[in-house]
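Positions are given from 1, in the same order as the sequence printed here.
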Amino acid sequence: MDLNITQSVIEACLLSLKIFIIITLLLIVYEFYENSRFYNWTKKLLDRPMQTIGISSNASITMVVGIVLGIAYGAGILLKNVQERKMNSKDIALTSYFLAVCHAVFEDTLLFVAVGANGFIIIGVRILLAVILISILNKYIFRTMAGDSELGR
């Protein structure tokens, strides 16, 4: 077994740089998206379903990014929204839990479909479990945080 620590460190640094560049580009694209009419249209479209499970409209876009692109990208948008004080601690917690269960839905599903799994069942179960979890947390755990304006402190 040939163990080359220098090569491993170089590869890890290059991977970190790639991730940094991708997230930075995503945040730049998100800035343009956030200032477009399409952003407001998307938020209005998502308001009702998100409010049903107890999440405000400010968190809806973060959840969509996390569901489609993955938890790292969703976390990048989540951190940006927290820094700009657009989400309260309840939304931060519920969004984090939702994305823990239901992130990178398309990527993960395609991997399982490639080995013969039913993609519709996988997506349906993941989304259903996430919605049930968030609904339970919102109803029984986070109900006291409904008027919380403090951000994660």
Side-chain angles (χ1 to χ4, degrees), residues 1-43 45-47 49-50 53-134 137-138 141-142 145 148 150-153:
M1 172 184 240
D2 183 25
L3 181 62
N4 188 342
I5 294 176
T6 306
Q7 183 65 28
S8 296
V9 169
I10 290 171
E11 288 176 12
C13 289
L14 287 174
L15 179 60
S16 296
L17 179 63
K18 288 177 186 176
I19 291 171
F20 174 78
I21 290 169
I22 289 170
I23 290 175
T24 301
L25 290 173
L26 177 69
L27 289 175
I28 290 169
V29 168
Y30 181 76
E31 282 294 323
F32 284 108
Y33 168 68
E34 189 175 39
N35 295 310
S36 71
R37 282 186 269 174
F38 186 63
Y39 178 83
N40 292 326
W41 178 82
T42 308
K43 275 180 69 171
L45 181 70
L46 296 172
D47 273 350
M50 292 300 156
I53 60 173
I55 295 177
S56 75
S57 64
N58 287 337
S60 60
I61 300 298
T62 303
M63 291 182 56
V64 170
V65 170
I67 289 169
V68 174
L69 297 177
I71 200 160
Y73 303 111
I77 302 300
L78 177 72
L79 290 172
K80 179 185 178 300
N81 286 337
V82 169
Q83 289 172 342
E84 294 176 358
R85 300 198 179 282
K86 292 182 178 179
M87 294 173 66
N88 61 34
S89 57
K90 176 186 172 190
D91 286 334
I92 294 166
L94 290 176
T95 300
S96 298
Y97 286 121
F98 189 96
L99 291 179
V101 175
C102 191
H103 63 274
V105 171
F106 300 113
E107 177 186 353
D108 291 349
T109 303
L110 288 174
L111 291 173
F112 285 107
V113 167
V115 295
N118 184 325
F120 295 110
I121 292 174
I122 292 172
I123 289 174
V125 168
R126 285 182 74 185
I127 291 173
L128 182 65
L129 285 175
V131 167
I132 290 170
L133 173 68
I134 296 310
L137 287 172
N138 186 50
I141 307 297
F142 293 110
M145 299 173 71
D148 182 17
E150 189 178 359
L151 297 174
R153 295 181 196 168

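Closest non-hydrogen pair, Val105 versus Cys102, comes out as CG2-SG, 3.5 Å. When all heavy atoms are compared, the tightest approach of Ser96 to Leu78 is OG-CD2, 3.8 Å. Taking all atoms of both residues into account, the shortest heavy-atom contact from Ile134 to Leu94 is CD1-O, 3.2 Å.
Put simply, CZ on Arg37 and CG on Asn40 are 10.0 Å apart, with the number rounded to the nearest 0.5 Å. Note that the CD atom of Glu34 and the NZ atom of Lys86 stand 3.0 Å from one another [nearest 0.5 Å]. Atoms OG and CE, on Ser60 and Met63 in that order, are 8.5 Å from each other to the nearest 0.5 Å. Between the CD1 atom of Ile77 and the CG atom of Leu99 there is a distance of 11.5 Å, given to the nearest 0.5 Å. Within the model, atoms CD1 of Ile92 and CD1 of Ile55 stand 12.0 Å from one another, a figure rounded to the nearest 0.5 Å. Between the CD1 atom of Ile53 and the CG atom of Leu133 there is a distance of 9.5 Å, given to the nearest 0.5 Å.
Side-chain contact between Tyr39 and Asn35 is absent, with no heavy atoms from C-beta onward closer than 4.5 Å. A 4.5 Å side-chain heavy-atom check between Ile127 and Val131 finds at least one atom pair inside the cut-off. A 4.5 Å side-chain heavy-atom check between Arg126 and Asp108 finds at least one atom pair inside the cut-off. Looking only at side-chain heavy atoms (C-beta outward), Thr42 and Val64 stay at 4.5 Å or farther from each other. Taking 4.5 Å as the limit, some side-chain heavy atom of Lys90 sits within range of a side-chain heavy atom of Asn138.
Heavy atoms from other residues, nucleotides or ligands lying under 6.0 Å from CZ of Phe112 number 12 at most.
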With side-chain contact (heavy atoms from CB on, under 4.5 Å) as the criterion, how do Leu25 and Ile21 come out once you've worked through the C-alpha distance, each side chain's angles and the decisive distance to 0.1 Å? CA-CA 6 Å; Leu25 290 173; Ile21 290 169; 3.9 Å; yes
